[in-house]
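Numbered from 1 within each chain, the chains take letters A, B, ... in sequence-line order.
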There are 2 protein chains.
Amino acid sequence: MPERSLRPTLRDVAQLAGVSVATASKALNGRDQVHPETRARVLSAAERISFTPNALARGLLAGQTGTVGLITGDLDGRFSLPILMGAEDAFGKGKMSVLLCDARGDSIREQYHLEALLGRRVDGLIVVGSRTDPRPSLGRDLPVPVVYAYGPSTDPEDLSLVPDNVRGGADSARYLIDRGRTRIAHITGEADYLAARDRAAGIEGALTEAGLEIVGGVQYGSWTEQWGRTATARLIEAHPDVEAILCGSDQIARGVLDALRESSWDVPGRVAVMGYDNWEIFAVGARPQLTSVDMNLEALGALAARRLVEAISGEARSGIEQLPVRIVPRETT
Amino acid sequence: MPERSLRPTLRDVAQLAGVSVATASKALNGRDQVHPETRARVLSAAERISFTPNALARGLLAGQTGTVGLITGDLDGRFSLPILMGAEDAFGKGKMSVLLCDARGDSIREQYHLEALLGRRVDGLIVVGSRTDPRPSLGRDLPVPVVYAYGPSTDPEDLSLVPDNVRGGADSARYLIDRGRTRIAHITGEADYLAARDRAAGIEGALTEAGLEIVGGVQYGSWTEQWGRTATARLIEAHPDVEAILCGSDQIARGVLDALRESSWDVPGRVAVMGYDNWEIFAVGARPQLTSVDMNLEALGALAARRLVEAISGEARSGIEQLPVRIVPRETT
DNA sequence: CTGTTAGCGCTTTCAG
DNA sequence: CTGAAAGCGCTAACAG
């Protein structure tokens, strides 16, 4: 009994069941044209030696590996993770496995990982960006389909999925207007982030539509609590009549709330506050709990997975899909 | 010219270079015994058709796939991610790829993913827990080595890597004592978390050693800002002479700071505060910035990767390795 | 219904 | 130095 390898192979199963490898294969894969009794024998043999089919061998033959590569720019970013989870989840159900790579925002490393993934014959790729600013395409001549999530590709031939931040901004503004606030300010992060500009544009649009304008203008700064505090102190000094503050992120909003409490401004009585990102721990830990805009990133990740599976089976799409965001009301509005 | 498949194979390269597959293989893999000129020809041919060797075929032959599985309990947890990053990074350099699965803390799903990974013939597994409480082993009879990270296995035959929370607690207490604080309180999370109990034990030990005791006793509660606020209000009411508050997490610490500011207690003048986890965004966003204990989770992940590679190459280890944590001083102490 | 045969793409003896 | 041959573990025609 020459134990060629430690792991049992189909041949071992076949031998044990007293059939040929081919029959064993058919039996295990539920092909009809196998005598029930034979199948039972094979199945029990497989069970007995705890046989696990070698997906590699299968993939070699089939030309499909049932794995996809996921290249992310910054794992530690708040955005990659939910997308990753959504994708992992969506794939998981369909028995696809995810090979994960973190390129650390470095295009050399990205290229390197790309090669590794291609070498492992992934059936497709998801590229997750860390910001919504367009990023260079991985290229058109890849042997497998690619879906860009969160950070779109600059190439319109690629398929990209991004949250609709313009509408997110507009919705949040309208949400406040509907609740009777008219003097609305906007404190946000670095202006060189498309996300910041998009949200600001959305807000501006909605306000204009209602015949209003942003109190004090869009205040770009940084995505930090500190900036939220600083900007707020300045804002309430210059515009004591402000009724609502839309923030570019939950972090900023925390700073805003902090500064407001410091100055004993009642939230939401005197001024309403909204965050963005709906980062639970931040939003729920806030006092009062923070109303925020959720970009539905898990859904985005799940959709990316679905789109990729579609693409793998031949349904090509391209362009940028803007995905809806949603407002999560809490106590600050 | 029958294009069997879309992806170029070694045969295509060989054909183009006018050599046999065997020679092409040798040339590409840097085997000696290939004429330099031949090798050059092969290399350029490979380049020309952008040939990527099929890792599956190679793995099938070699019995090693160069992939490892990483099963996590809760991806969204604060702890899995740095570990994942550390591991990914450590593997990345060694050309191993990581297959990621999130079992969502569900053992059925874990089993399912385990089979999928085994089927893909991963060379090893890392299991990342979401808490430091021991968890059931994946089993002893797995065909590949396993390393448990953060959440140790209950089986001492397994190798587990965990942060040394007892020492973390002790170090933080000593850190304060060294700075002249003697009346030290401890507000932490749920008592059913081993992490909470370990840290408390460490603190208690260090204080006892110094002839001190925890002001008001260990205050277990929940891992939330809210609890930090509540507990603090209570604490400073009952023990107005308290000089330092050790917190079970940065989140709790944020609540503590909040409550302290509310009562106009100066930090660190009147009372020092320390967090745990060193969750940057929380710690740095705090006012004043929060001194915290960092569990070095990335290093833990990287070590897990190294240990796994060792185990794959035959160096077996077992038991629980306690990894050092470190204090990150900021403004609250 | 079952077994034989022929590979998937690659590496590795082992003769030339 | 080079190439022919023999598989790694599995599936998919075909014949029996």
Practice task
Could you list the residues that satisfy ring-ring contact (aromatic ring centres under 6.0 Å, His included) with A/Phe51, not counting sequence neighbours?
Solution key: none
Practice task
Can you tell me the distance, in whole Å, between the CD atom of A/Glu37 and the P atom of C/dC1?
Solution key: 12 Å
Practice task
Could you please spell out the steps behind the salt bridge (Lys or Arg N to Asp or Glu O under 4.0 Å) verdict for B/Asp89 and A/Arg104?
Solution key: CA-CA 10 Å; B/Asp89 209 36; A/Arg104 299 261 193 288; 3.3 Å; yes
Practice task
Write out all pairs satisfying side chain to side chain donor-acceptor pair (under 3.5 Å) with one or both partners inside residues 136-155 of chain B, taking only residues at least two apart or from two chains.
Solution key: B/Ser137-B/Tyr148, B/Ser137-B/Asp158, B/Arg140-B/Asp155, B/Ser153-B/Asp158
Handout entry: Estimated bend of the helix from C/dC1-D/dG16 to C/dG16-D/dC1 (axis per five terminal pairs, rounded to 10 degrees)
Key = 50°
Exercise for the section: Heavy atoms under 4.0 Å is the rule here; annotate nucleotides 10-16 of chain C 5' to 3' with B where the base is hit, S where only the sugar-phosphate is, and - elsewhere. Expected result: BBB----
Handout entry: Lys/Arg-Asp/Glu bridge criterion (N-O < 4.0 Å) met for A/Arg131, A/Asp133
Key = yes
Fill in the blank from the handout: Distance col, row A/Leu142:CG vs B/Ser50:OG, nearest 0.5 angstrom, shows 9.5 Å
Handout entry: All pairs passing salt bridge (Lys or Arg N to Asp or Glu O under 4.0 Å) where residues 303-313 of chain B contributes a residue, at least two apart
Key = B/Arg307-B/Glu310, B/Arg307-B/Glu321, B/Glu310-B/Arg317
Problem - Backbone N/O of A/Lys26 and side chain of A/Asn29: donor-acceptor pair under 3.5 Å - result: no
Problem - Nucleotide nearest B/Thr38 when distance is taken to its side chain, options D/dG3, D/dG9, D/dT2 - result: D/dT2
Fill in the blank from the handout: Sequence neighbours excluded, the answer for side-chain contact (heavy atoms from CB on, under 4.5 Å) partners of B/Ala57 is A/Leu60, B/Asn54
